[in-house]
Amino acid sequence: MGRKPNLRSSIYYSEKDGSWHGWVTVGTKPDGSPDRRHRRGKTETEVTEKIRKLENARTAGQVAKPGRPPTVASWMRTWLDTIAPRTAAQHTIDSTYRPKVVHHIIPNIGRHRIDRLEPEHLDALYLKLAESGELSSKTLLMIHQILSRALKMAHRRGLVARNVATLVDAPRHRDKAFEPYSQKQARRLLEASKRRRNGARWSVALALGLRQCEALGMCWSHVDLDEGTVKVFQLQKRRYRHGCDDPQACGTRYHNKKCGPECESHARYCPERTGGDWYFKEPKHEGEDSGPVLDIPPQLLPQLRAQKAAQARERLAAGDRWEDWDLVFARPDGRPIPSRDDWEEWKELAREAGIRESRTHDARHTAATLMLEQGVDIRVVQQILRHSSLSVTKRYAHATRKLTKEAAHRVGDALWGGQ
């Protein structure tokens, strides 16, 4: 059987190899020539079915680009290094995306060609990780979300005909309910903080709802004590990177059971490492202004003035050892406070105040809830916390007994009046 005219599908038998062959024109190549794809099988029925699937994919616009597609491992590295940085903060990539890709995705499904990845491969991956008992349900969900984003970009660029992550159920996860501190507990924290160096740090957290990196990144040049405003910036630390030629060999003595066969982590131990320096970053915000500016409660201003005076005394005592970072909250020599040290002090403060320990981020939850309890509109809370959508703010704000009791009284007054 001879081939059919160009731009049409054809099926024929070859006596040379004893197989049936099919050709489908799916489009054009980058040089403008026809992009014809080949399929082969032992029977005409088999090839006909393959050709039919390819024609359907062509009609649906789901035909992968010509050329050998990359492996999952290769594409995930490309996505991490050149695609994700365009929309995600480097800190998020280094602290959240990269560890999950390197330690869980690449070791388990990295050798698959990306166009041959099937939903069953993801089902098996999630089941294996869940049964290991080493990962939380939130981590499993994040691994799925990372894979889905990377495969979405592969689909957009014609490397795969479909995003298989959309064909499987995402791992189930329910956000843990975090209980904010009550107004009474927050005041006990503030009372205990008066006896501590940098005590105003915790007043800022509970009054302004700043993230940890934002509170530690407050600079005097961005605080207007006369106007009572502060411009928000974040203090971040760059990820360590290998400066050597063989990162995998460099970190050999530090590899553990969580490391994959191609692990290139442990850069902090590299003799030629780069990174590890502090830098300021403007947080995401809506609009075209120069960045988020928050109003400072009047009661907090005297504390900040006292903080500035105390720091001036420390600066004189440090002499030549002082490093001027312009930070509101710093070490005794002016250097940035590591987030770990800040967290340890937060826990110590909670113990001193006689209340339960929590994450530093829970101060942000507490700030949101206290604002709502004082009757602040949730849209205003959203603006203060700088959330992109109201749904995010609702997750931060918690319905306390005070709010629900007040609601019950209002309903009662509406129905029966003040009897």
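- Side-chain contact of Q311 with W220: a donor-acceptor pair under 3.5 Å is present, judged by distance alone.
- Taking a cutoff of 4.0 Å between a charged side-chain nitrogen and a carboxylate oxygen, R162 and E118 qualify as a salt bridge.
- Of the inter-residue distances, the one linking T366 atom OG1 with D362 atom CG reads 6.5 Å to the nearest 0.5 angstrom.
- Looking at W202, its side chain never comes within 3.5 Å of a backbone N or O of L189 through a donor-acceptor pair.
- The pair E323-R331 fails the salt-bridge criterion, with no side-chain N (NZ, NE, NH1 or NH2) lying under 4.0 Å from an Asp/Glu carboxylate O.
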Practice problem: Carefully, step by step, assess R39 and E46 under the rule salt bridge (charged side-chain N to carboxylate O under 4.0 Å, His left out). | Solution: CA-CA 10 Å; R39 295 293 184 267; E46 179 185 354; over 6 Å; no
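- Between the side chain of D246 and the backbone N or O of A249 there is at least one donor-acceptor pair closer than 3.5 Å.
- Between Y254 and H266, the ring planes lie tilted relative to each other; the angle falls in the 30° to 60° range.
- Salt bridge D342/R201: present, at least one basic N to carboxylate O contact under 4.0 Å.
- Note that K42 lies outside the cation-pi zone of W20, set by a 6.0 Å cut-off to the ring centre and a 45° limit from the axis.
- The neighbour count for R268 CZ, taken as heavy atoms of other residues, nucleotides or ligands under 6.0 Å away, does not exceed 12.
- Between the side chain of R188 and the backbone N or O of A353, at least one donor-acceptor pair lies under 3.5 Å.
- Put simply, OG on S132 and NE2 on H104 are 8.0 Å apart, with the number rounded to the nearest 0.5 Å.
- Salt bridge present: D324 and R315 bring a charged side-chain N and a carboxylate O closer than 4.0 Å.
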Exercise. Evaluate salt bridge (charged side-chain N to carboxylate O under 4.0 Å, His left out) for R52 paired with E49, printing each intermediate quantity in order.
Key: CA-CA 5 Å; R52 185 187 64 80; E49 178 62 19; 2.4 Å; yes
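- The distance from atom SG of C219 to atom CH2 of W325, rounded to the nearest 0.5 Å, is 9.5 Å.
- Checking S358 against Y181 by side-chain atom types alone, a donor-acceptor pair falls below 3.5 Å.
- Here the side chain of Q236 pairs no donor or acceptor atom with the backbone of K281 at under 3.5 angstrom.
- In summary, of the residues considered (K194, R187, R195), a side chain to side chain donor-acceptor pair (under 3.5 Å) with E191 occurs for K194 alone.
- In this structure, H255 contributes its side chain and Q248 its backbone to a donor-acceptor pair below 3.5 Å.
- A donor-acceptor contact closer than 3.5 angstrom links the side chains of S221 and D326.
- For the pair L129 and E134, the minimum side-chain heavy-atom distance is 4.5 Å or more.
- Salt-bridge formation is detected for the pair D377/R379: a Lys NZ or Arg NE/NH1/NH2 atom is positioned less than 4.0 Å from an Asp or Glu carboxylate oxygen.
- One N or O on the side chain of R58 and one on the backbone of T25 form a donor-acceptor pair closer than 3.5 Å.
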Quiz prompt | salt bridge (charged side-chain N to carboxylate O under 4.0 Å, His left out) assessment of E314 paired with R321 | solution = CA-CA 11 Å; E314 288 185 341; R321 294 184 297 106; over 6 Å; no
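- To the nearest 0.5 Å, atom CH2 of residue W75 and atom CZ of residue R113 are 15.0 Å apart.
- For the residue pair S391 and S389, a side-chain donor N or O sits within less than 3.5 Å of a side-chain acceptor on the partner.
- Rounding to the nearest 0.5 angstrom, the gap separating the OG1 atom in T71 from the CE atom in M76 is 11.0 Å.
- Side-chain contact, R149 with Y97: a donor N or O sits under 3.5 Å from an acceptor N or O.
- With values rounded to the nearest 0.5 angstrom, S203 atom OG is found 3.5 Å from Q303 atom CD.
- Aromatic ring pairs are classed by plane angle as parallel below 30°, tilted from 30° to 60° and perpendicular above 60°; the pair H112 and H121 is parallel.
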